[in-house]
Protein chains: 2
Amino acid sequence: MLSRGVPRIVDADQRRRELAEAVWRVIRRDGVPGASVRTVAREAGTSMGALRHWFATQDELLHFAMTLVMERARARAEAVAASGGPLVPRLLRVLEETLPLDDERRAETEVWLALTARALVDPRLAELRDRSAAELHGFCTQVVQVLVAEGAARAELDVGLEGERLYAVLDGLAVHAVTRPSALPPDRAREVLAAHLAALRDTP
Amino acid sequence: MLSRGVPRIVDADQRRRELAEAVWRVIRRDGVPGASVRTVAREAGTSMGALRHWFATQDELLHFAMTLVMERARARAEAVAASGGPLVPRLLRVLEETLPLDDERRAETEVWLALTARALVDPRLAELRDRSAAELHGFCTQVVQVLVAEGAARAELDVGLEGERLYAVLDGLAVHAVTRPSALPPDRAREVLAAHLAALRDTP
DNA sequence: CTCTTGATAGCACGACTGTGCTACTTTCTC
DNA sequence: GAGAAAGTAGCACAGTCGTGCTATCAAGAG
């Protein structure tokens, strides 16, 4: 029943990803309001009809574009987490994956910021954002927990509160790095994050 | 030459502020894309023509609305800074003024976030945002400096780096408090910020 | 009074929007 | 071969957008 007959070049999910990446390019160039059906279709080198074949509505398109951002960041983070090396520096590198330290992550963060703002008035996007935010927040708390268990952070720390603080540092750095790249270049952002983790260890 | 003859109810600046506040209400309800000339005029209880009399273009309207947000936050902060009491807790309260801890500040932060995102693709808004960001960043650094001088923070701290970190915590908390209010209620945000300042004192 | 000017009101235009819809092409199954 | 289905293309519609523009109204200046 699969692939009954078509100019099937790639599988469906792959095609949707390609189109969603065209959405990113448009959003980066012209912002979310510039991501009209026509503009995205032109950017993707296809037609309105084809685009609407894959995404019935504009909301669905934006929704999928945001899902993809989150999914990719997550995949990158998990790859780093599964890599070798000592645990503590590895956790630092996992956290760094959420920062806009290179062009690819910069693009993702810009799209994330634009869609986060839009989520203030779009319930469907808000639900997505909440899920990913809860996930990252939970991960930050876990990191603090692990650091304490590893002796890389003071034992008397309030884990919940420190998780919240780490999460704030992370997103704060992300916003600043993406909005004022010259004031907070990648190396500086990395340095601040590392200093924050170090401060959890050095101590009374 | 001033006020040659008019149904002059209030002075010009006051009128522009009223209209800009209508912009906020619309932005909070429908987001920046919902802030059309017609919508804002309706919200303000006036006409398109009247609105365009005070703001020649839509960009000018949004620009002024953002200016007003920044101006108000600044005025509030300066009022707290000029108030009495011990220096260190007072600095904490000044920093708290930038967080969305009540309805008024929540509105301002929502508008700030929406316009920050739009500033990614609007050079005029970007210039505004950069100015206010540089100001807050500078203030954060000054706070660290003062804390060190007052003996409320460790002397060996890297002031520049700690200023950057405090600034990240501040904006991170602002974003989280406004996007996920139930996960980060006002008291909790205040607690995290206070803990951050306390962590600059307690020490190796 | 008239004249001038601030302020308001809202129509008109062209551009752009999302989406419903049909027509067409390509490739598979039978 | 015929038929079906996946995918592409883009027109048509109703609606919203920003802004140019003119008309009107209120009130102080002369």
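Side chains included, hydrogens not; waters and symmetry mates left out as well; all remaining heavy atoms used. Chain identifiers are assigned alphabetically (A, B, ...) following the order of the sequence lines, protein sequences preceding nucleic acid strands; residue numbering begins at 1 within each chain.
Spacing between atom CD of Gln58(A) and atom P of dG15(D) amounts to 19 Å, rounded to whole angstrom units.
The two residues Tyr167(A) and Cys140(A) have their closest heavy-atom pair at CA-SG, 3.7 Å. Heavy-atom minimum distance, Ala41(A) versus Leu51(A): N-CD2, 3.9 Å. When all heavy atoms of Val69(B) and Val111(B) are compared, the pair lying nearest together is CG2-CG1, 3.8 Å.
Candidate nucleotides dG18(C), dA9(D), dA7(C) were compared by shortest atom distance to the side chain of Trp54(B), and dA7(C) ranks first. With distances taken from any side-chain atom of Arg38(A) to the nucleotides dT8(C), dT17(C), dA6(D), the minimum falls on dT17(C).
Annotation: Arg74(A), atom CZ; neighbour count of heavy atoms from other residues, nucleotides and ligands within 6.0 Å does not exceed 12.
Shown for residues 60-68 of chain A: no residue has heavy atoms falling under 4.0 angstrom of DNA chain C.
Using a 4.0 Å cut-off between charged side-chain N and carboxylate O, Arg105(A) and Glu108(A) make no salt bridge.
Judged as a side-chain hydrogen bond (donor to acceptor under 3.5 Å, both in side chains), the pairs with a partner in residues 90-101 of chain A (not counting sequence neighbours) are, in order, Arg76(A)-Glu97(A), Glu96(A)-Arg190(A).
Between Gly49(A) and Pro33(A), it is Pro33(A) whose nearest contact on DNA chain C lies nearer the 5' terminus.
Contact annotation: side chain of Arg52(B) to base of dG18(D), donor-acceptor pair absent below 3.5 Å. The base of dG7(D) has none of its N or O atoms less than 3.5 Å from a complementary donor or acceptor on the side chain of Arg15(A).
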